[in-house]
S.K.: 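Below are the structure tokens for one structure; questions will follow.
Just follow the structure's listing: the first ligand is 1, and inside any ligand the first atom is 1. Computed from a prediction, not measured in an experiment: that's the story for all the values here. Quick note: residue numbers are just sequence positions, from 1.
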Amino acid sequence: MGDIDVVVVGAGNAALCSALAARDNNASVKVLEFAPKAERGGNSAFTGGAMRVAFSGTTDLLELMPDLTAAEQLETDFGAYSEEAFFADMARVTESRANPDLVEVLVTNSFPTLRWMRENGVRFQPSYGRQAFKVDGKFQFWGGLAVEVNGGGPGLIEQLIKVALERDVDIQYETRAIELLFDGHAVHGVRVRCRGETCDVPARAVVLASGGFEANREWRTRYLGPGWDLAKVRGTRFNLGDGIRMALDIGASSAGHWSGCHAVAWDMNSPEFGNLAVGDGFQKHSYPLGIMVNANGQRFVDEGADFRNYTYAKYGRRILEQPGHFAWQIFDSKVSELLRSEYRIREVTAVRADSLEELANRLDGVDKAELLKTVGHFNQSVREEVPFNPNVKDGRSTTDLEPPKSNWANTISEPPFEAYMVTCGITFTFGGLRVDPTANVVDVYGQPIPGLYAAGELVGELFYFNYPGGTGLTSGAVFGRLAGAGAAKFALAEPHQS
Ligand SMILES: Cc1cc2nc3c(=O)[nH]c(=O)nc-3n(C[C@H](O)[C@H](O)[C@H](O)COP(=O)(O)OP(=O)(O)OC[C@H]3O[C@@H](n4cnc5c(N)ncnc54)[C@H](O)[C@@H]3O)c2cc1C
């Protein structure tokens, strides 16, 4: 029969890794993508390409980054990031709710999966600009995140698509999957809407890799709660929750943190959805070096509670909760050199001033008198005797201040002052489908649904409340690879069901 072996829904990182793994296992593969070609790559294309991976030292990293020069090795302390540390980070930031079986799969497969990506031509490089500061002539990596894809998200997608096409994967754009073809026992393909037509795409197995529901304003309000309709979407406009809905419709089990999501500080004047020309440039992730204030002129989070990549994904929600759904991030000239490159983009909503009074006058919507009081109290509470070091949790904290700033507390005292207006930008949603450790979707009775696999953002039970930076792409690649292999093996198994 002429059926395709494996149909993959979506063409982001998880989907393309599934497609390649299915080809590794000799299945014929068709990828169906909602977006037009010009907007391909889903959220994955918007990323900076940071990927969390367990490694035991530079020797491991050389397998992923064989181009590392001797000079780079000499001037860099990459440290190590053990599987135990990765596992512990997942447990800690998710308040021990992440499914340990899935986390085990994620962690133990992280290094082999990145090596497999490298074999497929994906090039990695050290994440110097974002995860290490140069102190005393040496870069020191922190936060378990040393590796990023060369060319970021666009580079990743370009390479994965190139290899997929070379390996005869058929990619069909402007094709929205709307329903699973299900006979009450197994999945046999998908129904799609393609340029005004509805048609069926029969297949022996299906991989759903079509993202979460972050771009669906109605679902955001329904599941995340009031106010989430007003959040900006950091990435693609096509992740509407279709894959999740299609699977629930045939009896799949929902799983994970449906009222939770990844959301960050995002430029106040950014567009409703992401702009591929700007990529992740609207994010504003240097708040650990300064303070954040709301419309009342008050601080509302511990900006230095932990390394940036362990707090940024939950602070978007805190900003959304503030009056007017905005905040200003404030820095003085002592740290301006350390601000990430996204603070220097043309599209930024920024104010500069030579005095605190002038700054307070210029911060739209902020209570000026309260702001000056806040900065005054903050400055008095900084433990100046503790040395500042952005590469470690330096313990340079505030005393007797609520909320405290636990690390990297510097007075806001040296002009010029800079401030950046941010709102909440949603990245992806945490609730989704229940899968087993082979990425097979599980039904409400706890049984794997024959022929249905899932990977990427629409997998539930990995992230709750928070998220360790760089895990989304790794999770998509790990579970995508497993889903593709599982779907191919199922499709090619005898006796074949049609
Ligand atoms: C600005 C930004 C920066 C980020 N930076 C990082 C980072 O540096 N590191 C990291 O690990 N993570 C990062 N993330 C998170 C990361 O993007 C996601 O975790 C990951 O890309 C999700 O991959 P995915 O394949 O599941 O989804 P996606 O890449 O979003 O792919 C889903 C695809 O499915 C398609 N689709 C949706 N519905 C349908 C349908 N009905 N039919 C057919 N196709 C459909 C979509 O068009 C899309 O192409 C970032 C996200 C954003 C938005």
S.K.: Nearest protein heavy-atom contact for atom 25 (O) of ligand 1: which residue, which atom, what distance?
M.R.: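 Checked against all protein heavy atoms, atom 25 (O) of ligand 1 sits closest to Ala14 N, 3.0 Å.
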S.K.: Among Lys284, His262, Gln283, exactly one meets side chain to side chain donor-acceptor pair (under 3.5 Å) together with Tyr312. Which residue is that?
M.R.: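 It is His262; the other options fail the test.
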S.K.: If you count the atoms of ligand 1 from 1 in the order shown, which ones are under 4.0 Å from a heavy atom of Asp242?
M.R.: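 This gives 40 (C), 41 (N) as the contact atoms.
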S.K.: Go through ligand 1 atom by atom and flag the ones less than 4.0 Å from a non-hydrogen atom of Gly211.
M.R.: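 Numbered from 1, ligand 1 contributes 32 (C).
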S.K.: Give the contacting part of Thr471 toward ligand 1: side chain, backbone, both or neither, where contact means a heavy-atom distance below 4.0 Å.
M.R.: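 For Thr471, only backbone atoms sit under 4.0 Å from ligand 1.
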S.K.: Tell me which part of Thr175 gets within contact of ligand 1: side chain, backbone, both or neither, using heavy atoms under 4.0 Å.
M.R.: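 Just the backbone.
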S.K.: Ignoring hydrogens, just give me the one of Ser44, Gly476, Gly12 whose non-hydrogen atom is nearest atom 23 (O) of ligand 1.
M.R.: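 Nearest option to atom 23 (O) of ligand 1, by heavy atoms: Ser44.
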S.K.: Closest heavy-atom contact between Ala98 and Val103?
M.R.: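 That would be CB-CG2, 3.6 Å.
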S.K.: Counting each atom of ligand 1 from 1 as listed, which ones have a heavy atom of Gly472 under 4.0 Å away?
M.R.: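 So the atoms of ligand 1 that pass are 11 (O), 19 (O).
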S.K.: Tell me the closest heavy-atom pair linking Val93 and Tyr310, and the distance in Å.
M.R.: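 Where Val93 meets Tyr310 most closely, the heavy atoms are CG1-CD2, 4.0 Å.
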S.K.: Does any N or O of ligand 1 fall below 3.5 Å from an N or O anywhere on Gly235, backbone included?
M.R.: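 By distance alone, the answer is no.
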S.K.: Counting heavy atoms only, which of Ser127, Ala209, Gly10 is nearest atom 32 (C) of ligand 1?
M.R.: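 That would be Ala209.
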S.K.: For Arg176, is the nearest heavy atom under 4.0 Å from an atom of ligand 1?
M.R.: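 Yes; Arg176 lies near enough to ligand 1 that a heavy-atom distance drops under 4.0 Å.
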S.K.: Name the closest protein heavy atom to atom 12 (N) of ligand 1, giving the residue it belongs to and the distance to 0.1 Å.
M.R.: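 For atom 12 (N) of ligand 1, the nearest protein heavy atom is Tyr467 OH, 3.6 Å.
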S.K.: Quick one: does Asn466's side chain have a donor or acceptor within less than 3.5 Å of a partner on Thr94's backbone?
M.R.: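 Such a contact is absent between Asn466 side chain and Thr94 backbone.
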S.K.: Spell out, as yes or no, whether a donor-acceptor pair under 3.5 Å connects the side chain of Glu303 to the backbone of Met292.
M.R.: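 Yes; judged by distance alone, with no hydrogens or angles, the pair exists.
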S.K.: Look at ligand 1 and say whether Gly49 reaches it with a heavy atom at a distance under 4.0 Å.
M.R.: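 Checking ligand 1 against Gly49, which is what was asked, there is a heavy-atom contact under 4.0 Å.
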S.K.: Apply side chain to side chain donor-acceptor pair (under 3.5 Å) to Gln172 and list each qualifying residue two or more places apart in sequence or on a separate chain.
M.R.: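 Partners of Gln172 under the side chain to side chain donor-acceptor pair (under 3.5 Å) test: Lys30, Thr175.
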S.K.: Please say which of Leu240, Asp242, Thr429, Ile426 ends up in a side-chain contact (heavy atoms from CB on, under 4.5 Å) with Phe213.
M.R.: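 Exactly one pass, corresponding to Thr429.
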S.K.: Mark up the atoms of ligand 1 that fall under 4.0 Å of a heavy atom belonging to Gly470, in ascending order.
M.R.: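 Those of ligand 1 that fall under 4.0 Å from Gly470 are 9 (N), 10 (C), 11 (O).
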S.K.: Closer than 3.5 angstrom, by distance alone: can the side chain of His325 be matched with the main-chain N or O of Leu320 as a donor-acceptor pair?
M.R.: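 Yes, because the side chain of His325 sits within donor-acceptor range (under 3.5 Å) of the backbone of Leu320.
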S.K.: Val9 heavy atoms, cut-off 4.0 Å: which ligand 1 atoms fall inside?
M.R.: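 Contacts of ligand 1 toward Val9, numbered from 1: 42 (N), 43 (C).
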S.K.: Provide the closest heavy-atom pair for Glu39 versus Leu276 in the form atom of the first, atom of the second, distance.
M.R.: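 In this case the closest contact between Glu39 and Leu276 is CA-CD1, 4.2 Å.
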S.K.: When you measure from the side chain of Arg23 to the backbone N and O of Ala27, does any donor-acceptor pair fall under 3.5 Å?
M.R.: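 Pair found, side chain donor or acceptor close to backbone of Ala27.
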S.K.: For atom 34 (O) of ligand 1, find the nearest protein heavy atom and state the residue, atom name and distance (0.1 Å precision).
M.R.: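 Its nearest protein heavy-atom neighbour is Ser210 CA, 3.2 Å.
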S.K.: Taking the six-membered ring for Trp, are Phe78 and Phe141 parallel (under 30°), tilted (30 to 60°) or perpendicular (over 60°)?
M.R.: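 Parallel: the ring planes of Phe78 and Phe141 meet at under 30°.
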S.K.: Just go through Ala50, Ala15, Gly456, Ala177 and tell me whose heavy atom is the nearest to atom 9 (N) of ligand 1.
M.R.: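 Among Ala50, Ala15, Gly456, Ala177, the closest heavy atom to atom 9 (N) of ligand 1 comes from Ala50.
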S.K.: Run the numbers for me: atoms of ligand 1, each under 4.0 Å from some heavy atom of Leu32, listed by number.
M.R.: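 Close to Leu32: 43 (C), 44 (N).
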S.K.: Answer side chain, backbone, both or neither: which part of Ala45 comes under 4.0 Å from ligand 1, heavy atoms only.
M.R.: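 Contact part for Ala45 vs ligand 1: neither.
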S.K.: Identify the closest protein heavy atom to atom 17 (O) of ligand 1: which residue and atom is it, and at what distance?
M.R.: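 Heavy-atom neighbour on the protein nearest atom 17 (O) of ligand 1: Thr47 CG2, 3.1 Å.
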S.K.: When you measure from the side chain of Tyr128 to the backbone N and O of Ala132, does any donor-acceptor pair fall under 3.5 Å?
M.R.: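 Checking the backbone N and O of Ala132 against the side chain of Tyr128, no donor-acceptor pair under 3.5 Å is found.
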S.K.: Do you know which of Trp142, Phe331, Phe307 makes ring pair (Phe, Tyr, Trp, His ring centres under 6.0 Å) with Trp408?
M.R.: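 That would be Phe307; it is the only one of Trp142, Phe331, Phe307 passing the ring pair (Phe, Tyr, Trp, His ring centres under 6.0 Å) with Trp408.
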S.K.: Ignoring hydrogens, just give me the one of Phe282, Phe213, Phe34 whose non-hydrogen atom is nearest atom 44 (N) of ligand 1.
M.R.: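 The nearest heavy atom belongs to Phe34.
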S.K.: Based purely on interatomic distance, does Leu473 place a nitrogen or oxygen under 3.5 Å from a nitrogen or oxygen of ligand 1?
M.R.: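 Leu473 vs ligand 1: N/O contact under 3.5 Å present.
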S.K.: Mind checking the CE-OG spacing from Met246 to Ser210? Nearest 0.5 Å is all I need.
M.R.: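 Rounded to the nearest 0.5 Å, the CE-OG separation comes to 6.0 Å.
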S.K.: Would you say Thr311 and Tyr287 are linked by a side-chain donor-acceptor pair, where the criterion is simply a distance under 3.5 Å?
M.R.: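 The answer is yes; a qualifying pair exists.
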S.K.: I'd like to check which ligand 1 atoms, numbered from 1 as shown, lie under 4.0 Å from a non-hydrogen atom of Phe46.
M.R.: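 Listed by number with element: 1 (C), 2 (C), 3 (C).
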S.K.: Have Glu214 and Asn43 got a donor and an acceptor in their side chains that come within less than 3.5 Å?
M.R.: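 The answer is yes; a qualifying pair exists.
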S.K.: Looking only at non-hydrogen atoms, find the nearest pair between Leu208 and Leu180 and report the distance.
M.R.: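 Here Leu208 and Leu180 meet closest at CD2-CD2, 4.3 Å.
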S.K.: Starting from atom 46 (C) of ligand 1, locate the nearest protein heavy atom and write down its residue, its atom name and how far away it is, to 0.1 Å.
M.R.: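 Nearest neighbour among protein heavy atoms for atom 46 (C) of ligand 1, to 0.1 Å: Asn239 OD1, 3.2 Å.
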S.K.: So is Gln283 polar-close to ligand 1, meaning N/O to N/O under 3.5 Å?
M.R.: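 For ligand 1, there is no N or O atom that lies under 3.5 Å from one belonging to Gln283.
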S.K.: Tell me: protein heavy atom nearest atom 49 (O) of ligand 1, and distance?
M.R.: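 I find the closest protein heavy atom is Glu33 OE1, 2.7 Å.
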S.K.: Would you mind checking which non-hydrogen protein atom is closest to atom 28 (P) of ligand 1, with the distance to 0.1 Å?
M.R.: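 Going atom by atom, the protein heavy atom closest to atom 28 (P) of ligand 1 ends up being Asn43 N, 3.5 Å.
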S.K.: Tell me which part of Tyr173 gets within contact of ligand 1: side chain, backbone, both or neither, using heavy atoms under 4.0 Å.
M.R.: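 Tyr173 to ligand 1: no contact under 4.0 Å from either part.
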S.K.: Nearest protein heavy atom to atom 52 (C) of ligand 1, by residue and atom, and its distance?
M.R.: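 It is Thr427 CG2, 3.6 Å.
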S.K.: Non-hydrogen atoms of Gly41 versus ligand 1: any pair closer than 4.0 Å?
M.R.: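 Right, Gly41 reaches ligand 1.
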